[in-house]
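The block underneath contains the structure these notes are about, expressed in C-alpha cells.
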Amino acid sequence: MTTFIFDVLKDLQNSNTNLSKLTFILPSKRAGLFLKHQLHKVTNQTIFSPQIISIEEFVEELSQLKTISNTELLFEFYNTYTQLTPKESADSFEVFSKWAQILLQDFNEIDRYLIPQKNIFDYLSDIQDLKHWSLEKEKTDFVKKHLSFWNKLHNYYTHFTKHLLNKKSGYQGLIYREAVENLKDYIQNNNKKQHVFLGFNALNTAEETIIQKLLQNNLAKTYWDIDNVFLNNPKHDAALFIRQHKVTWNHFKTQPFNWITNNYSEDKNISVYGIPKNIGQAKYIGSLLNTIKKEKQSLENTAVILGDENLLIPTLNSIPQNIEALNITMGFPLKSIPLATLFEALFNTHKTGSNSFYYKDVISILSHQFIRPLFTFKGTDYTSKLIETIDDNNLVYLTAVRLKQISNASNTIIDLLFSNWNTSVDDALKNCSKLILAIKNYLDNNKASNLLSLEYLFRFNELFNELDRLNSEYNYIKDISALQSVYAELLSSETLDFQGEPLQGLQVMGMLESRVLDFETLIISSVNEGVLPSGKTNNSFIPFDVKLENKLPTYKEKDAVY
C-alpha cells in the first residue's frame, strides 16, 4: 500500500533533493513520527535525519514565544482586567472566568486571522451602542456600565498582549501574529533552508501568509493531500479551503499544484452499520476487529477513529484478547475518570459554606469507589454502618462531629472529607492532596491490579499541585465556588496520555490525529449528525455578520474542517 507521506518522499528523492537538509512541517507530531518511519524506504544509504516538526512548533520557533496554558492565561487576563476596571464595578474572579473564556477565544481568532484589532473592537462597541435597549435620552448607570465594557475591549487586548510579550509568552493567536511579524528576519537568517509543508487543509491567515512568503522566496514546497473528486465539486466541503488556496495564491498562477490524486475513485469496500447507543458501537468495533484479525492475521494497517472521544474506554474494553500490539494516540480526558466525580461532589457539598451536609451528598461521597475502601478497618465496613445509621434514624443534615460519633474508627478520613474546607482555599487544596495520598496508600497494598488507578491519582495530584501554584502566585481564588470553576477549567483540558509502540499493531485515534495518515482498513465510529461534524456552536462575542465581513471562520468553515 502506498501512502501520501511515502509518495511525497519519493517525489523529493526523484528530484535529487538532499533529504537531510530539509525541514518537514506537518499538521501534527503524530504525522511526523510516521514520516520518520518511512524515510528508510526511500534511501539506500545512511543519512542524517531531516528536521521534522509540527506547524505549532515551527510557529513558536518563528515567534520566539512560549505557549502558556488556558488556565494560566485566565489568571493573567484577570490581572489586566483588575488594573483597567474600577474596583467597585469589577467582577469577582468566578464571574469573570465565565465570560473571559469566550473573549480569550475571540482574541485568539482575531490574531490568528491577522484582523486589525482596533477596527473590530470599535465595530463591536458601535454595534452594542446602536442596539442598547434604553429609550431614555440619558443612559442609565446599568447601560453605561454595559457600554463601558465594550468600549474597553481594545484597551484590555492591548494591555494584556503587551504584558504577555514582556514575559516572552503568549496564546496560540498571539504567537501566530508575532511569527508573521518576525518572518522577514527569519527569511534573511535562513535563506538557504528548505521547508516542505505537507498535508495541510484549513489554514488560518497567519499560516497562509507564512507559507506564501516562504514560497515567494523559493524556500518552500507544498504538497496537498487532496482528491480530484472533491476539488472539482464546488459543493463539496472536503476541498473548501484547498480550492480557495489554488485560486487565490499567486504561487499557483505560475507553479504546479502538488498534488491532485484519484484515489477516491478506486474500488473500495465500504460497509455502514446502524447501531443503537454508544456501548453497542464499542462492542461492534471489537467484533469487527476480531473478524479483520482472523482474515488478515495482522492489524498493522488498521485504524479505529473515534468521532466521539468519550468512546475510548468502552472501545478499549471491547478489543479482543488476541490483539496484543495496540497504540492509542489520543489522551483519555481526566473529566471522564471516576476520581473527577469524587472531587466534583466534594466541591458541591462544601461550596454552600455550611458545616452541616445534606445526607444524600454525604452518602454519595461515602459510597464512592475510591472512598469506600478507606472506611474498612479490621474487616469491618464502616461505610455500611454510617449509611445504615443515617437511614434508620432519618438523619437529614449531618456534621463531621456527628459522623465521627457514628464511626469513631474513621476520624482521620472523615476530617479530610468534611472538616476545614471553608476556613481557606489553601486548606481545601491541602485536604485534596492528603485525600489523594490516603487513596494511594490503600492502592499500594495491591499495586499490580491497581496500576491504572494509581496513574489516575498521579494526574490528579499534578492537577491540584498546579491549582496550588496558581493560587499562590496570583491569589485570585477566594472561595470554594471559585476553586471549583478553576478546577473544572483545568480538568476540561487535561488528559491521561497512554504509552505504546507508535508504529506497531492497531492504531486508535481521534479525528484530528488522523490527518496525513493512510491505512488499508478504517473503522470510524459515531458518524452521526451533531457528532461528526459537531454542528452549529457559537462561543463568541463577535456576531455572524461581523465574522463574514472580516473573513473569520464561522460554523460552516468549522464543519468543513471535519
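Excluded from the calculations below are hydrogen atoms, water molecules and symmetry mates; all remaining heavy atoms, backbone and side chain alike, are included. Here the structure is a predicted model, which means the values were calculated and not measured.
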Could you walk me through whether F58 and Y186 pass the ring-ring contact (aromatic ring centres under 6.0 Å, His included) check?
CA-CA 11 Å; F58 178 58; Y186 177 83; 5.8 Å; yes
Within the distance-only criterion (no hydrogens, no angle test), does the side chain of [X] pair as donor or acceptor with the backbone N or O of [Y] below 3.5 angstrom?
| X | Y | result |
| --- | --- | --- |
| H195 | I211 | no |
| N151 | L147 | yes |
| K478 | N475 | yes |
| T161 | T158 | yes |
| D111 | R177 | no |
| S472 | D468 | yes |
| E557 | T554 | yes |
| N461 | L457 | no |
| H350 | L417 | yes |
| N539 | I102 | no |

Taking the side chain as every heavy atom from C-beta outward, state whether [X] and [Y] have any atom pair closer than 4.5 Å.
| X | Y | result |
| --- | --- | --- |
| Y487 | L463 | yes |
| T82 | F93 | no |
| V486 | N471 | no |
| I260 | N232 | no |
| Q64 | E178 | no |

How long is the span from the [atom1] atom in [X] to the [atom2] atom in [Y], to the nearest 0.5 Å?
| X | Y | atom1 | atom2 | answer |
| --- | --- | --- | --- | --- |
| E466 | L470 | CD | CG | 4.5 Å |
| K246 | R243 | NZ | CZ | 11.0 Å |
| I110 | L103 | CD1 | CG | 8.0 Å |
| Q281 | D308 | CD | CG | 8.0 Å |
| L452 | E455 | CG | CD | 7.5 Å |
| Q212 | F252 | CD | CZ | 8.0 Å |

Under the side chain to side chain donor-acceptor pair (under 3.5 Å) test, which residues partner [X], sequence neighbours left out?
| X | result |
| --- | --- |
| T205 | none |
| N108 | none |
| H163 | E76 |
| Q101 | E489 |

Would you please name every residue forming a ring pair (Phe, Tyr, Trp, His ring centres under 6.0 Å) with [X], sequence neighbours left out?
| X | answer |
| --- | --- |
| Y264 | F230 |
| F332 | none |
| Y157 | F107, F121 |
| F241 | none |

Just wondering, are more than 12 heavy atoms of other shown residues or ligands nearer than 6.0 Å to [atom1] in [X]?
| X | atom1 | answer |
| --- | --- | --- |
| K167 | NZ | yes |
| K213 | NZ | no |
| K152 | NZ | yes |

Considering non-hydrogen atoms only, spot the tightest contact between [X] and [Y] and give its length.
| X | Y | value |
| --- | --- | --- |
| M330 | E513 | CB-OE1, 4.0 Å |
| S485 | S97 | CB-OG, 4.2 Å |
| I5 | A31 | CD1-O, 3.8 Å |
| I305 | S514 | CD1-CB, 3.6 Å |
| L240 | A560 | CD2-CB, 3.6 Å |
| V425 | D479 | CG2-N, 3.7 Å |

Check: T329/N327 side-chain N/O donor and acceptor closer than 3.5 Å
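T329 vs N327: no donor-acceptor pair found between side chains.
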Can a donor-acceptor pair be found between the side chains of E60 and T67 at a distance below 3.5 Å?
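Note: E60 and T67 side chains meet the donor-acceptor criterion.
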Ring geometry between [Y] and [X] (parallel below 30°, tilted from 30 to 60°, perpendicular above 60°):
| X | Y | answer |
| --- | --- | --- |
| F519 | F34 | perpendicular |
| F77 | Y156 | perpendicular |
| F460 | F464 | tilted |

Please check if the distance between the ring centroids of W99 and F541 is under 6.0 Å.
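They do not qualify: ring centres at least 6.0 Å apart.
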Less than 6.0 angstrom separating the ring centers of F96 and Y81, yes or no?
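Yes, the ring centres sit under 6.0 Å apart.
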Among L288, V527, I523, whose side chain to side chain contact (heavy atoms under 4.5 Å, CB included) with Y273 holds?
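With Y273 as partner, side chain to side chain contact (heavy atoms under 4.5 Å, CB included) holds for just one option, L288.
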Partners meeting side chain to side chain contact (heavy atoms under 4.5 Å, CB included) with [X] (sequence neighbours left out):
| X | answer |
| --- | --- |
| A206 | L114, Y176, V180, N204 |
| V546 | I120, Y123, I127, I542, P543, N550 |
| Y562 | M511, L532, P533 |
| S89 | T85, P86, K145 |

Assess the residue pair Y78 and Y474 against the criterion (ring-ring contact (aromatic ring centres under 6.0 Å, His included)); give the C-alpha distance rounded to whole Å, side-chain angles, the decisive distance to 0.1 Å, and a yes or no.
CA-CA 9 Å; Y78 191 61; Y474 298 95; 9.8 Å; no
Using a strict 4.0 Å threshold on nitrogen-to-oxygen distance, state whether R515 and D225 make a salt bridge.
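Looking at R515 and D225, the cut-off is not met.
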Run T315 and S525 through side-chain contact (heavy atoms from CB on, under 4.5 Å) and show every step you take.
CA-CA 10 Å; T315 302; S525 76; over 6 Å; no
